[in-house]
Amino acid sequence: IVSAINFQIVNGGQTTASLHAARKLSPETLGQVHVQVKLTVVPSETSDDIVPFISKYANSQNKVSAADFFSNHPFHMRMEEYSRRVLAPSVEGSNRETKWFYERARGQYLVERAKRSPAERRRFDAEFPKPQYFVKTDLAKVEMSFRVQPDTVSKGAQKNFGEFAQRVGAEWNRSDKKFDETWFKRLVAKLIIFRHLEKTIPKQPWYPGGYRANLVTYSIAKLVSDADEKDLILDLDTVWRQQSVGRDLSDALLLAAEVATTIITNPEAGVK
């Protein structure tokens, strides 16, 4: 082998890390060490389809989630690129613009932070605040809620992500043009709404003390559905500009959540 491009370790990360540590601490111990390697050369035009399957079947002894297999799809690559480049407007009381860190592959946020010096780490924390970090299953949960699929969201992160991946993959194949910078900004606005509800619903007097995840997704889906019936849409661009949820929108969502509570908790626990 003279050279290789886009080299990826599919299965053997722990072995590689152990070899790296040994090389730094006591390189003389590696003299008699040999590691068997299986090398798969994948044509670039089919890599997006083949690589996830290699990962899936090479890692059958460990639990690898559906979300991990989809991380190399161009959709996620593009969202990652936007998240490192697009500046979010400064919030009230601050003159600093920040960014929303999208973790395409597991552990990216911690790795990016850890490899910096203390001073660089402080700059990283200011640029990518921890509350503005989100992962693939967060993206799927939020997007499917706004697509009026709260029943799918309620099935759990992995099942919901699998359904989301199929839908987005099909849409991407038809045309990837709609997944532009504006789409990313509106995605972040949806995430702001979702997290706002996660914080405010438990503070309401009617909150039953459970079902928060269900109440959040159903209240969003209900409001989007009602707006659609009236040929209206939620003003996501204003949420993005303000980086917060306005009072009117919050009240409307909480009203929908309260109604959802009476339905979800009826009949009471123990009654079938």
ask   = Could E171 and R147 be called an ion pair, given the rule that one side-chain N must be under 4.0 Å from one carboxylate O?
value = yes

ask   = Should the pair E81-R85 be classified as a salt bridge under the 4.0 Å nitrogen-to-oxygen rule?
value =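 Between R85 and E81 there is a salt bridge, with a charged N closer than 4.0 Å to a carboxylate O.
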
query = Per the ring-ring contact (aromatic ring centres under 6.0 Å, His included) rule, which among F134, Y102, F124 passes with Y109?
reply = F124

request  = Scan Y82, F75, W240 and name whichever one has a ring-ring contact (aromatic ring centres under 6.0 Å, His included) with W183.
outcome  = F75

key: Qualifying salt bridge (Lys or Arg N to Asp or Glu O under 4.0 Å) pairs, either residue in residues 240-262, two or more places apart   =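 Every pair satisfying salt bridge (Lys or Arg N to Asp or Glu O under 4.0 Å) with a residue in residues 240-262: R247-D251.
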
task = Kindly state each residue pair satisfying salt bridge (Lys or Arg N to Asp or Glu O under 4.0 Å) with at least one member in residues 150-167, sequence neighbours excluded.
result = E163-R167

request  = Drop me the distance from L19's CG to T29's OG1, to the nearest 0.5 angstrom.
outcome  = 9.0 Å

key: Contacts of type ring-ring contact (aromatic ring centres under 6.0 Å, His included), residue W206, not counting sequence neighbours   = none

Partners passing ring-ring contact (aromatic ring centres under 6.0 Å, His included) against F146 (at least two apart in sequence or in another chain) =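 Here no residue qualifies.
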
Just distance, no hydrogens or angles: give the donor-acceptor pairs under 3.5 Å from side chains in residues 192-204, sequence neighbours left out.
| unit_1 | atom_1 | unit_2 | atom_2 | d |
| --- | --- | --- | --- | --- |
| R195 | NH1 | P131 | O | 2.7 |
| R195 | NH1 | Y133 | O | 3.4 |
| R195 | NH2 | Y133 | O | 2.9 |
| H196 | NE2 | S250 | OG | 2.8 |
| T200 | OG1 | H196 | O | 2.9 |
| Q204 | NE2 | T200 | O | 2.9 |

Looking at residues at least two apart in the chain, or sitting in another chain, which of them share a side-chain hydrogen bond (donor to acceptor under 3.5 Å, both in side chains) with [X]?
X    : result
R186 : D237
T262 : none
K115 : E112
D226 : K222

Within 6.0 angstrom of R84 CZ, more than 12 heavy atoms from elsewhere =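 Check passes, neighbour count above 12.
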
request  = Not counting sequence neighbours, which residues clear side chain to side chain contact (heavy atoms under 4.5 Å, CB included) with R122? List them please.
outcome  = P118, A119

request  = Could you pull out all residues at least two apart from S154 that satisfy side chain to side chain contact (heavy atoms under 4.5 Å, CB included)?
outcome  =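 Partners of S154 by the side chain to side chain contact (heavy atoms under 4.5 Å, CB included) criterion, ordered by chain and then number, come out as N214, T217, Y218.
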
ask   = What pairs with R113 under salt bridge (Lys or Arg N to Asp or Glu O under 4.0 Å), at least two apart in sequence or on another chain?
value =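 Applying salt bridge (Lys or Arg N to Asp or Glu O under 4.0 Å) to R113 gives D125.
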
message = Would you say that I220 contacts V216 through its side chain, given a criterion of any heavy-atom pair below 4.5 Å between the two side chains?
response = yes

